[in-house]
Number of protein chains: 2
Amino acid sequence: MSDVITLKKISQLLNISISTASRALKDHPDIADTTKQKVRELAEMLEYEPNPFAIQLSTSHSNIFGLIVPEVSNLFYTSFIDAVENEGRKAGYMLIILKTDDDPEIEANHIKYCKKQRVAGLFACITPNASNFDLFQSLGKSGIPVIFFDRVPDSSNCNTVCFADETAATIAAEAILKKNKKKVLAIFAEPSLSITQKRLKAFRKVFQQNTNAPKLDIYHTNHYENIKEIIKQQLENKDRPDTIFCMTDVILTGAMKAIHELKLRVPDEVAVITISNSDFFPKLYTPEITYVETSGYKLGVLALSTMITCVKEDVPYQELYVDSYLVEGQSL
Amino acid sequence: MSDVITLKKISQLLNISISTASRALKDHPDIADTTKQKVRELAEMLEYEPNPFAIQLSTSHSNIFGLIVPEVSNLFYTSFIDAVENEGRKAGYMLIILKTDDDPEIEANHIKYCKKQRVAGLFACITPNASNFDLFQSLGKSGIPVIFFDRVPDSSNCNTVCFADETAATIAAEAILKKNKKKVLAIFAEPSLSITQKRLKAFRKVFQQNTNAPKLDIYHTNHYENIKEIIKQQLENKDRPDTIFCMTDVILTGAMKAIHELKLRVPDEVAVITISNSDFFPKLYTPEITYVETSGYKLGVLALSTMITCVKEDVPYQELYVDSYLVEGQSL
DNA sequence: TTGAAAGCGCTAACAA
DNA sequence: TTGTTAGCGCTTTCAA
């Protein structure tokens, strides 16, 4: 391809050396202003674009971040990706998205892949059992910063950005208490996840600290069909719950499906509150669902800025948090 | 980083030349089996990983595909991405995902970016007005194949993979006719999109060919709030439609919101049918919605295999199609 | 203020 | 069957 513009071409055209051209383009203080001017003008005219591979080869520094997520067909992850994408591009980075389907083996391959590709940094939402923690650590040792988000290892030897999970669950629990409910059915995701543990603990705490708190039943599942069945079963009891708390959007959709199939009215016959990653699902229903928002986008922004710091300088491990807040619908 | 294994190190350890090592690793016929053996064993032991940047620099061939989409928070695109991701990795490719928010200017930047990054190929779902067609073409001239998908330019000078749009709309229209409905409210997306035009034309054709077809009202919009308002208005008329056809999932969610707010029963008081990119939204509702599936995943698989052919050899432009089919719920 | 030269890790033509 | 060499496009040290 002789139509590709390189530094060499520019320098030949200008009768200067390649290194001078290179330095002129990056505004090196050694270079005379007149030279800089000349080089810049020609480069612009010719639409010169530096070859990223050459840069990466000689600096051994890439401008690509890896991003490991369980799935991409999920509003939470996509809004996180959105954020990292947008902010990352501003900072000159690109994104490679790897999906695990929550399979530790696939995750292991992805980690190796990122290492091989010499990514500039890695964002990861880990599979539930954290079995690849050592592999992740090995990246850190190769100088590739790793930022864990949302589902993070249970260790302080790493960088994490999470929701203030206690807060989200606490807010939801307090909202329920205010309404003087009698019996709450709370569905949480898998108990092995640290996010579930934290939320559950905080949620329970609010109930325990309050002497006339509603009765509380807890179930764990994050699969649409399971959720639907559990909730249907519970709602058909004579002593049925008057309130359903959903820890995730998936749980909410399962719950609402069950409620619709039983033709129960919200909130009269059963009240609903959820923790949600976006306004999308809560607003889908009528009446709109009251929810505690935990925005994937905000989390992404925080993750990216943390990454940028880690890439630039050596910083000690950090645990960072994003706050959440209550959005009132008419379902509680 | 002295702990990075390179071909040089391997060859030194083995007292052979770099090129011999290189060739041994790629099973070059010239190399003695014993040598190959030695090199491979050592490489494996040391966990040698070739530096992709060096490869790309010397072969001027990257293993990265660009993928331009309007948004990533959308099940259709994510399932398309899913497919390209999965199949692409099998073929040794990675993906860089660029999002336009349907802004032609952002799209133009993305295209330039891909050119600069020397991607191996580009998948693109264009912004509604096709204003960057020339830019896309310029990639083609630089030897970077472009595969347009879903929303494609109205030109035969390019590779396209699409749904057989006529088919999807035809199937939906025929399903409606079978039910002897009286009045259909059909909501289509923006009329400027070729996909809308094709679907609308096919949909109308079925109605026109049938003498006792229901009355047909058509509106265009793809914005949640608009949809909701239009449908509410129509449903509150005395002479209200008994059937709603939705061209997209977004339209479906808007329609269902309106129906719920008016507390109408599906399908008795109003029947619903939609074209959907996944089973997710149709199954969210009770009763489940009858839909014509146009799977993003299948489209992605087709797009990727087309791309692989284009990368390998010079092939003439192709227009390819994926079929769709009816999934019966209880909403019609 | 500029240039020459080495080197990043790999490929591939040519020589031996 | 193997080694030598040049080169991909850029950065950067050292010398001029």
Side-chain angles (χ1 to χ4, degrees), chain A residues 1-40 42-43 46-64 92 115-120 142-143, chain B residues 1-40 42-43 46-64 92 115-120 142-143:
Chain A
M1 310 287 151
S2 64
D3 59 340
V4 175
I5 308 299
T6 65
L7 272 190
K8 192 173 166 188
K9 241 177 231 158
I10 292 187
S11 57
Q12 283 170 347
L13 251 26
L14 254 29
N15 252 319
I16 59 177
S17 75
I18 298 183
S19 46
T20 302
S22 167
R23 279 178 289 216
L25 251 14
K26 38 170 59 96
D27 209 14
H28 191 109
D30 275 2
I31 303 294
D33 280 348
T34 51
T35 315
K36 283 183 188 171
Q37 193 66 16
K38 276 196 309 185
V39 177
R40 279 199 210 123
L42 186 60
L46 264 29
E47 296 185 335
Y48 165 72
E49 293 287 358
N51 182 321
F53 305 132
I55 297 178
Q56 285 153 357
L57 184 57
S58 66
T59 60
S60 69
H61 219 68
S62 96
N63 65 335
I64 299 183
K115 193 171 179 182
K116 170 176 163 179
Q117 290 285 333
R118 274 83 164 169
V119 296
S142 313
Chain B
M1 309 285 152
S2 65
D3 60 338
V4 175
I5 308 301
T6 65
L7 272 189
K8 191 172 166 189
K9 239 175 231 160
I10 292 186
S11 58
Q12 283 170 346
L13 251 24
L14 254 29
N15 251 317
I16 58 176
S17 75
I18 298 182
S19 50
T20 303
S22 167
R23 280 177 287 215
L25 251 13
K26 37 172 59 99
D27 209 18
H28 191 108
D30 277 359
I31 303 293
D33 281 350
T34 52
T35 315
K36 283 184 189 171
Q37 191 69 12
K38 276 198 307 185
V39 177
R40 279 198 209 126
L42 186 60
L46 264 29
E47 296 185 332
Y48 165 73
E49 292 287 358
N51 182 320
F53 305 131
I55 297 179
Q56 286 155 355
L57 183 58
S58 68
T59 62
S60 69
H61 220 69
S62 98
N63 67 333
I64 299 183
K115 193 170 180 184
K116 167 174 164 178
Q117 289 285 333
R118 274 85 164 166
V119 295
S142 313

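These numbers come from a predicted model, not from an experiment.
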- Where each residue is assigned the nucleotide of DNA chain D containing its nearest heavy atom, which of A/P50 and B/T20 is assigned the position nearer the 5′ end?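 Taking each residue's closest nucleotide, the earlier one in sequence belongs to B/T20.
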
- Message: Can you work out whether B/A32 or A/E49 has the more 5'-proximal nearest nucleotide on DNA chain D?
- Response: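 Comparing both residues, the 5'-ward one is B/A32.
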
Atom pair distance, as rounded to whole Å: [atom1] in [X] and [atom2] in [N]:
{"X": "A/R118", "N": "C/dC10", "atom1": "CZ", "atom2": "P", "value": "7 Å"}
{"X": "A/K116", "N": "C/dG9", "atom1": "NZ", "atom2": "P", "value": "16 Å"}
{"X": "A/Q56", "N": "D/dC8", "atom1": "CD", "atom2": "C1'", "value": "14 Å"}
{"X": "A/L57", "N": "C/dG9", "atom1": "CG", "atom2": "P", "value": "7 Å"}
{"X": "A/N15", "N": "C/dT2", "atom1": "CG", "atom2": "C1'", "value": "13 Å"}
{"X": "A/D30", "N": "C/dT1", "atom1": "CG", "atom2": "P", "value": "7 Å"}
{"X": "A/K8", "N": "C/dG3", "atom1": "NZ", "atom2": "C1'", "value": "16 Å"}
{"X": "B/I16", "N": "D/dT4", "atom1": "CD1", "atom2": "P", "value": "12 Å"}

- Query: Below 4.5 Å, heavy atoms only, C-beta onward: do A/N63 and A/Q56 meet side chain to side chain?
  - Reply: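 Sidechains of A/Q56 and A/N63: in contact.
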
- Item | Five-pair end axes of the helix from C/dT1-D/dA16 to C/dA16-D/dT1, angle between them (10°) |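 Angle reported: 50°, given to the nearest ten degrees.
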
- Check side chain to side chain contact (heavy atoms under 4.5 Å, CB included) between B/I55 and all other residues, then give those that pass, not counting sequence neighbours.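 Residues passing side chain to side chain contact (heavy atoms under 4.5 Å, CB included) with B/I55: B/P50, B/T59.
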
Residues which pass side chain to side chain donor-acceptor pair (under 3.5 Å) with [X], listed by chain and number, not counting sequence neighbours:
{"X": "B/T6", "result": "none"}
{"X": "A/Q37", "result": "A/E41"}
{"X": "A/R118", "result": "none"}

- Determine yes or no for a side-chain-to-main-chain donor-acceptor pair under 3.5 angstrom, with A/K116 supplying the side chain and B/P52 the backbone.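 The answer is no, because no donor-acceptor pair under 3.5 Å joins these two groups.
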
- With a 4.0 Å cut-off, would you call A/R40 and A/D27 a salt bridge?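 Judged by the 4.0 Å cut-off on N to carboxylate O distance, A/R40 and A/D27 do form a salt bridge.
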
- Shortest side-chain distance from B/N51, nucleotide among C/dG9, C/dT2, D/dG9: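 So the side chain of B/N51 is nearest to C/dG9.
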
- Nearest of D/dC10, C/dT2, D/dG3 to any side-chain atom of B/S17?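 Nearest to the side-chain atoms of B/S17, counting from C-beta on, is D/dG3.
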
- B/S/- contact track for nucleotides 11-16 of chain D, protein heavy atom under 4.0 Å: BBB---

- Check whether any side-chain nitrogen or oxygen of B/T6 sits under 4.0 Å from OP1 or OP2 of C/dG9, and answer yes or no.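 The answer is no; no side-chain N or O of B/T6 sits under 4.0 Å from OP1 or OP2.
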
- Roughly how far, to the nearest 0.5 Å, is CG of B/L42 from CD1 of B/I16?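 Reported value, rounded in 0.5 Å steps: 9.0 Å.
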
- Query: Taking atom OG1 of B/T20 and atom CG of B/L25, what is their separation to the nearest 0.5 Å?
  - Reply: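 It is 11.5 Å, given to the nearest 0.5 Å.
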
